[in-house]
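Take a look at the structure below.
For clarity, every value in this text was computed on a predicted model and none was experimentally measured. Labels below follow one simple rule: chain letters A, B, ... track the order of the sequence lines, proteins then strands, and each chain is numbered from 1.
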Amino acid sequence: MKVESLKIIALFLCLLFVACDQKDINTTAKVTVVLHAEGIDEVSEIELKAHDINMNKDYTESALVITVPVGYFDLSVHALGDGKAIRAYKRGVKVERDCTIEMEASFVPQGDDNFVLAEIFFAGTETPEGKRYIGDKFFVVFNNTTDTLAADGLILVEADLNSVQKYDLGDQDFRDQYFAVDAMYRIPGDGQTYRVAPGQVILIADNAMNHTEANANSFDLSVADFEWYDVSSSAGSTDVDNPDVTNLDKIYCYTQTIWVPHNQGHKSFGLAHVFRKE
Amino acid sequence: MGSIFCGLMIPVVLLAARPDSLRLDSAQQALLDSLERMFTIQEVVVTAEEKIERSSASVINKEAMQHIQPSSFTDILQTLPGGTTKDPNLTSTNTIRLREATNGSTSGEYDASSLGTSFVIDGAPVSTDANMQYVQSDASGADSKRSSVGAGVDMRTISTDDIEKVEIIRGIAGAEYGDVTSGVVKIERTSKPTPWRARFKADGFSKLLFFGKGLGWKDEQTVLNFGLDYLNAKADPTNTLENYQRITASVRLQQRFQISNFKLLFQSHLDYTGSIDNDKIDPDIHRNREDSYKSEYHKLSWNNTLRVHQADVPWWCFCVQANVSGELDRICQTRFVQLTTPKNPAIDNMQEGEATVSLLPYKYVAKHEVEGIPLNVFVRPKAEFFFDTWKLEHKASAGIEWRYAKNFGRGQIYDLSRPLNYSSSLRPRAYYDIPASNQLAWYIQDDISWPIHEHFGLDLNIGLRGTSLLGLGSQYAINGKCYLDPRANIGFNFPFSKGKFYVAAAIGQHTKMPTLLQLSPNLLYMDLQATDIPIAPTDTTMRIYTHIINPTNYDLQPSRNLKWEVRVGFDINKHKLSVTYFEEDMRNAFRGLMQVEAFDYTISENAYDRLLTYSTTSNGSRIYKQGVEWQYQSPRIKAICTRFTLNGAWLRTVYSNSERMYSTEKSPGVVNGVNVQDHYIGLYNWTEGYIRESLNSNLVADVYIQRIGLTVSATLETTIYTASKTLEKNGVPEAYISSKDGQLHHYDAVAAQDPILKTLIFDYNSGLFVRRTVPFEGYLNLRVQKSITKFANIALYVNRLLDILPDYQVSGANGSMVTIHRTASPYFGMEINLNI
């Protein structure tokens, strides 16, 4: 062999000794949760769950410390604070090494003696020609309890203040105590007329009619349980009243014509907490 | 040296006299030609010139117009003091606003200012009183920016290639100009033999083509000029579906002849203008292929003037002018309509009372046409007298004017059961039912010149004009009443060896009569519910009650503007300076104001009462203009062939209402179960409006080198600041109207405590009334014209070649400061001119 080819072989042999430096890669990490629960003295019955987003696996621990493999997680804490249920959530937590995560706990609405608004359809629908149709707005009220409840007297309200506007009310700010409304429609009845079984819904529509004639992309709301009807002062914008569907009692509304929830959802809605338990 | 000087003297004398029979040898001819050229170099002006006599006026001659390279008449306004360069916007209507702050109003409530500017083309005013081309009931569609109803002349329709000279009288026009409140634009078109001219211009958004020629026979006893012009403009060069086209054709004949010892000059001009706006939806992008808009104006105008004077009797001259102009206007709009709520009535009843109407289908294609056929006639005989009394020279003139305007079109044409806008409750009305407008006016004026002393002279121009509107019927307060407009100009000039100083003042009253549509508006149809039985989903008809209101304001007065101004200036060694301070106050400008009517009706034997609101033309606007204008022009400095012109203006304009107003601006809706607006409306004695202010100055340096046929001008356009401020509004009403009795009640302390009536007090955040200022902006514009051979020249212009736009701060939310950063982009255009 020639000296040059020997050098080349020696060079290639050197490559065998060249290798990647094995860095210390963590495979698991310890996550410590610091739970901030304002106004709560005692936190008990803690259940900490970490959901691995990429692997779709769950890890559970009954303490505020958990060891998980490295990755991206959604964290949730279910606990009892002073005897009442509290929750804390954090999404998209990147876990590469041991870390401490701060989470804020808040009370869970008890949901065991209430109707809830399950769906607020405010947007209207688009017609096949790309135009807008707004006659088919509705609300779905859901019985979120394990008892049969009477819907009589339940009031659907719309907030007066606009959700996307900043209000500087100064020392007249009432929002921590009161909810200002500009529309109130009440389900009629004597207290036992409209009974809703657990897990059942009430459909309240603006116009309880078959909207597919006006807009093929809309739906048939003639099966609604209730509808709201406004007497309009203008002939150009009139409300429709389906005689087969019960009308809500109109307590108050700001408009002189017909009430249509805001197209872009700039208003909040609520249910006035009037109910009777069976 | 002396012989050269003598040599120069002789041709100078020859130049002055120049009888046709003088014969010169070639050397003398060459010397004469070069001297002529030298004298005319000084005369080439490429900016607007300030006229010294009479009231403040700007004169723009043909060279200046060619240098501006305009697409339409709007571009010429940038040479006025206070004018700023704006990119041509040819897909919206262009209305003129003289002496208004550059950031001035665009609200329709102050259109009286542009309505009151009179365009006079070859002595005949252009009347827009019979213009009713607008799509009723579609306030924000494609038509709203293209309609100029009640706003005067749309300057896009005036092409500039046939114009020889423009004089814009910004100040007090002479008594011979009538039906004017703001100013007069006098356009004189070319009436002399010219070579074959062609012009092709292209810029960012448009292309223009022009041909013209002037022919002369028998030594200019007969002159025939004709011109043809075509313009095609787009709002966005990539979108050919929204465009504007203009075609103008003009034939002008001028004939001089002599009958015994009377010399006559007869002019007859025939003009055609076609103006077409198109706006269609791109069928490939949008799903509604049916949507389209097209607005066409075709106008034919025939203008005749006859001027007579006696050959050896120079003290009088008689002139009669007659102009007939007819238009065929059509707007055609199609739209695909989808109902947004289930049941809407197809309101097609035209009678007062109850009616059963069918319901609209959920979707349909609406077709709407507007046909207008205005006819305008103008006849004016006038006489001019030239005489001397003692040392005063008089140029007196008197005349009578008759203007007739009528629209023979069918108006809004559409199927009432398939309307373009189903939430509007307007109905069609034939335009030929509107009575014609007959305006009769007379004027006398005298132009007196009194050279009192070698160094002191006086010029006085006084005039009186009377205008009346006839034939309207006695229920109109304006019918037959004569409105007098006195106008006066006085000027003192102090000539001396090098030039002269002058001081001048002018004051005048101006009157503009209302347009046809303002005098006879459409009837209004208020459609109300007629039953308290609600509509069920299966219903196909609806019962409504229609109440008809006649919104005609029989007390409508003409809008009148009192203007005055003071000027000082000098003209020394061809340095010309002129500074003017002016004020104009028009307190009864036309504007739509809300009216309220209480209405009682019954539904199923229940009595109801409510207030109905509608808008009617009234004299409720105030436009107050104030400002200082200056113009300085230097002679052309021979060494650098450059002339400097500095002009500018400080303009302050106050726009507001001048009458108490009803308002439902902040109506609270329902209070205590009562629809407040249906029962109580407040009458507010407030000032609603704004102030606009601007200070700007333009410095133009133009270089004219005749040897190489090059003209270059650089303009440094600076706006030192613009400011605007909303006028403070006091939201406490002075009175309120109640639907129970239909009467006005005084709004006192008791009313202010009532839970319903106190909602009539409107609250305004004080931040609304803060004065906002936009600081300095400066631009450099460049224009270049170069002649290629004797027959052709090309020209180029760049607007905003350089810009100086410093950042500035405004206060934002929560007291923070927000930095505003401005940018500008240049605008180019090029053209080629042929003269064969």
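- With a threshold of 4.5 angstrom between heavy atoms, A:Val240 approaches chain B through its backbone and through its side chain.
- Going from atom CZ of B:Phe336 over to atom CD of A:Glu129 covers 3.5 Å, rounded to the nearest 0.5 Å.
- Environment of CG in B:Asp741: crowded, with over 12 heavy atoms of neighbouring residues, nucleotides or ligands closer than 6.0 Å.
- Using a 4.5 Å cut-off on side-chain heavy atoms (C-beta onward), A:Pro128 and B:Lys363 make contact.
- Atom NZ of B:Lys280 has 12 or fewer heavy atoms from other residues, nucleotides or ligands within 6.0 Å.
- Residues B:Val670 and A:Thr255 have side chains not in contact (no heavy-atom distance under 4.5 Å, counting atoms from C-beta outward).
- Counting heavy-atom pairs closer than 4.5 Å to chain B, the top-ranked of the candidates A:Asn242, A:Asp244, A:Asp168 is A:Asn242.
- Between the A:Tyr133 side chain and the B:Gln338 main chain, no donor and acceptor come within less than 3.5 Å of each other.
- Both the backbone and the side chain of A:Thr238 come within contact range of chain B, judged by heavy atoms closer than 4.5 Å.
- The environment of OH in A:Tyr167 is crowded: more than 12 heavy-atom neighbours from other residues, nucleotides or ligands sit within 6.0 Å.
- Contact annotation for A:Lys166: only side-chain heavy atoms (C-beta onward) come within less than 4.5 Å of a heavy atom of chain B.
- Between B:Pro342 and A:Gly135, the shortest heavy-atom distance links the atoms CD-CA, 4.0 Å.
- Interface summary for chain A: among B:Pro361, B:Gly669, B:Pro668, B:Pro534, the most heavy-atom pairs under 4.5 angstrom belong to B:Pro534.
- Surrounding CZ of B:Arg427 are more than 12 heavy atoms belonging to other residues, nucleotides or ligands, all under 6.0 Å away.
- Within a 6.0 Å radius of CD in B:Gln351, no more than 12 heavy atoms belonging to other residues, nucleotides or ligands are found.
- Note: A:Asp241 CG to B:Asp539 CG = 10.0 Å, rounded to the nearest 0.5 Å.
- Rounding to the nearest 0.5 Å gives a distance of 8.0 Å between CG of A:Asn207 and OG1 of B:Thr341.
- When every heavy atom of B:Tyr362 is checked against every heavy atom of A:Met209, the shortest pair comes out as OH-CE, 3.8 Å.
- Most heavy-atom pairs under 4.5 Å with chain B: of the set A:Gly124, A:Ser232, A:Ala214, this distinction falls to A:Ala214.
- Proximity to chain B is limited to the backbone of A:Asp239, based on heavy atoms less than 4.5 angstrom apart.
- For a residue to count as touching a neighbouring chain, one of its non-hydrogen atoms must lie under 4.5 Å from one of that chain's; by this rule B:Lys343 touches chain A with backbone and side chain alike.
- A 6.0 Å sphere centred on NZ of B:Lys367 holds no more than 12 heavy atoms belonging to other residues, nucleotides or ligands.
- Of the atoms belonging to B:Met526, not a single heavy atom falls under 4.5 Å from chain A.
- Among the candidates B:Leu528, B:Ile544, B:Val676, B:Thr546, the residue making the largest number of heavy-atom pairs closer than 4.5 Å to chain A is B:Leu528.
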